[in-house]
Asker: 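Structure below; questions to follow.
Residue indices begin at 1 and follow the sequence shown. This is a predicted model, so every value here is computed, not measured. When reading the values below, keep in mind they use all heavy atoms of this one structure, side chains included, and skip hydrogens, waters and symmetry mates.
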Amino acid sequence: MAPNDPSNSCIRMMAPRPWCLPFPYVPEPFPDELLSSWLRRTGVEYGISLEQLAQHIGISTTKPAYIDQDLSRDEIGRLAGAMRVERAEIRQRLYQPLRPQVRSLRAHRAPIQVCTSCRAQHFAAHAQPVFIRTWFEFWRIECQACQRALSSLGSPALDRCNPAREHPGWFSGIMPAARHGAARLHLYARRPFSAVLPPVAVLCLLSKPLTPGWPDDEVIRYGGYGVADLFVPGLSEITREQGILVPEVWTIKKPVRLVTARIILLAALSHFLADPKASFRRVRDTAGFGVGSFLERWVSALPPHARSSIC
């Protein structure tokens, strides 16, 4: 009988890769820090990159965007053992999966906002940049760690009104409604099929200007303002003095990145959803649109069950 030569076998049993030993030292993670950010900072302590660290642990992917959401049960176990934590700690630092129709509500490559207070603490404790999950989510307007309002990235536009600084009383007054609107958007991101009227569709409408610049060049009686002005108390007075505070239109694929404008829209969303039928009637009566207008096309694009909630 011929000797049993494994090299001649058509089927080979591959031994699973052994788990790596726990690291002697692991830096303390920051509250709500993404897993890829924590791993990157850990790799710096050992003089290696995130890709090298992931390969050493036995993770199949080395890209931050995939590490933060596409890990198997085995990979979560490997990470928990290497980082000296429970599996639940690893899961808490991953993104919750979003369905295709709401994936635009989360940025994937770079943060859209930051908490300036927490970022200063990060820089004081560690030379490497820290990435917090809240900074990538469009339904977040406040820091989950310190409860401070988030700030947009980049230098402030000096030619644009900053209501948080120039109208602090009014701005703090709309924050409760904005928090409620943010919670409605967060719920929609988690369970998009549970919403009768999609909040994203409402935000698209609220961010539109009430000017003749709308499609069909309709003659509008409420020129110079935005739809959100109809639902946020005091906003029209500031708009009259400072100009429109929502400089970009929210679309299905591109949400508004400016935090101040998003807070205003979320406050308007809260008031709109309190009574959708009355709110839609107010927009329709104010704008004075007829058949074939943008407003009619907006309604026709809604799911059938959503149309019945406003008509």
Side-chain angles (χ1 to χ4, degrees), residues 31-32 102 105-107 111-121 132-154 156-158 160-190 195 197-209 225-250 255-276 278-279 282-283:
D32 208 30
V102 293
L105 294 178
R106 177 190 293 143
I112 58 172
Q113 55 203 3
V114 295
C115 173
T116 55
S117 176
C118 289
R119 187 171 60 169
Q121 297 178 14
I132 304 300
R133 178 169 43 192
T134 305
W135 299 356
F136 292 78
E137 297 169 336
F138 281 93
W139 59 83
R140 302 293 187 186
I141 55 178
E142 293 178 309
C143 177
Q144 300 299 292
C146 66
Q147 308 305 315
R148 294 176 181 268
L150 297 173
S151 302
S152 300
L153 292 171
L158 300 180
R160 185 183 301 156
C161 171
N162 184 347
R165 181 183 64 245
E166 301 174 27
H167 304 278
W170 172 82
F171 194 73
S172 61
I174 71 171
M175 284 302 296
R179 294 187 188 103
H180 183 261
R184 297 291 294 268
L185 185 61
H186 184 199
L187 178 61
Y188 176 69
R190 293 175 54 195
L197 182 60
V200 169
V202 178
L203 289 167
C204 293
L205 175 63
L206 292 170
S207 64
K208 286 288 186 179
Y225 299 93
V227 178
D229 289 70
L230 300 176
F231 300 99
V232 181
L235 178 58
S236 59
E237 286 76 10
I238 299 177
T239 302
R240 185 182 301 114
E241 298 175 359
Q242 307 288 346
I244 191 167
L245 299 184
V246 182
E248 55 184 327
V249 175
W250 187 305
V256 171
R257 300 178 72 90
L258 188 65
V259 177
T260 300
R262 202 158 2 110
I263 289 174
I264 294 172
L265 290 175
L266 290 173
L269 174 69
S270 177
H271 293 297
F272 188 102
L273 294 180
D275 191 342
S279 299
R282 184 178 184 184
V283 176

Asker: Could you list the residues that satisfy side chain to side chain contact (heavy atoms under 4.5 Å, CB included) with S151, not counting sequence neighbours?
Answerer: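 Partners of S151 by the side chain to side chain contact (heavy atoms under 4.5 Å, CB included) criterion, ordered by chain and then number, come out as T116.
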Asker: I need the minimum non-hydrogen distance between L105 and W139, along with the two atoms involved.
Answerer: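 Of all heavy-atom pairs spanning L105 and W139, the closest is O-CZ3, 3.6 Å.
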Asker: In Å, rounded to the nearest 0.5 Å, how long is the span from OG of S279 to CG of L273?
Answerer: 7.5 Å
Asker: Which atom names give the shortest non-hydrogen contact between L203 and L265, and what distance separates them?
Answerer: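 Shortest heavy-atom separation between L203 and L265 comes out as CD2-O, 3.7 Å.
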Asker: If you compare all heavy atoms of A267 against all heavy atoms of I174, which two are closest, and at what distance to 0.1 Å?
Answerer: CB-O, 3.8 Å
Asker: Taking the side chain as everything from C-beta on, heavy atoms only, tell me whether L269 gets closer than 4.5 Å to L206.
Answerer: yes
Asker: Is the backbone N or O of S117 less than 3.5 Å from a side-chain atom of R148, with the two atoms forming a donor-acceptor pair by type?
Answerer: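 Not a single qualifying donor-acceptor pair exists.
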Asker: Quick check against the 3.5 Å criterion: does S236 have a side-chain atom that pairs as donor or acceptor with the backbone of D229?
Answerer: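 Absent.
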Asker: What side-chain hydrogen bond (donor to acceptor under 3.5 Å, both in side chains) pairs are there with at least one residue in residues 166-179, not counting sequence neighbours?
Answerer: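 Sorted result for residues 166-179: E142-R179.
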Asker: Does the side chain of L245 come within less than 4.5 Å of P163's, by heavy atoms?
Answerer: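 P163 vs L245: side chains touch.
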Asker: Which pair of heavy atoms, one from V102 and one from A189, lies closest together, and at what distance?
Answerer: CG2-O, 3.6 Å
Asker: About how many Å separate CH2 of W135 and CZ of R119, when rounded to the nearest 0.5 Å?
Answerer: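 Result: 6.5 Å between the selected atoms.
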Asker: I need the I141 CD1 to T134 OG1 distance, nearest 0.5 Å.
Answerer: 12.0 Å
Asker: Between atom CG of D32 and atom SG of C118, what is the distance when rounded to the nearest 0.5 Å?
Answerer: 9.5 Å
Asker: Do H271 and P233 make a side-chain contact, defined as non-hydrogen atoms from C-beta onward lying under 4.5 Å apart?
Answerer: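 They are in side-chain contact.
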Asker: Taking the side chain as every heavy atom from C-beta outward, state whether V200 and W250 have any pair of such atoms under 4.5 Å apart.
Answerer: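 V200 vs W250: side chains touch.
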Asker: Do you know which two heavy atoms are closest between A182 and L266, and how far apart they sit?
Answerer: CB-CD1, 3.8 Å
Asker: Would you say R262 and L185 make side-chain contact, with heavy atoms under 4.5 Å?
Answerer: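 No, their side chains stay 4.5 Å or more apart.
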Asker: Within the 4.5 Å heavy-atom criterion, are I263 and F171 side-chain neighbours or not?
Answerer: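 With C-beta onward as the side chain, the pair touches.
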Asker: Does L235 form a side chain to side chain contact (heavy atoms under 4.5 Å, CB included) with Y225? I'd like the steps, not just the answer.
Answerer: CA-CA 9 Å; L235 178 58; Y225 299 93; over 6 Å; no
Asker: Has Q113 got a side-chain atom pairing as donor or acceptor with E137's backbone, closer than 3.5 angstrom?
Answerer: yes
Asker: Does any non-hydrogen side-chain atom of C146 lie less than 4.5 Å from one of C115?
Answerer: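 Heavy-atom side-chain distance check passes, below 4.5 Å.
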Asker: Do the non-hydrogen side-chain atoms of V249 and C204 ever get within less than 4.5 Å of each other?
Answerer: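 Answer no - side chains too far apart.
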Asker: Only counting residues at least two apart or in another chain, list the ones meeting ring-ring contact (aromatic ring centres under 6.0 Å, His included) with F138.
Answerer: none
Asker: When rounded to the nearest 0.5 angstrom, what is the spacing between CZ in R133 and CZ in R140?
Answerer: 7.5 Å
Asker: Please find the pair of heavy atoms, one from A195 and one from P199, that lie closest to each other, and give the distance.
Answerer: CB-CD, 4.0 Å
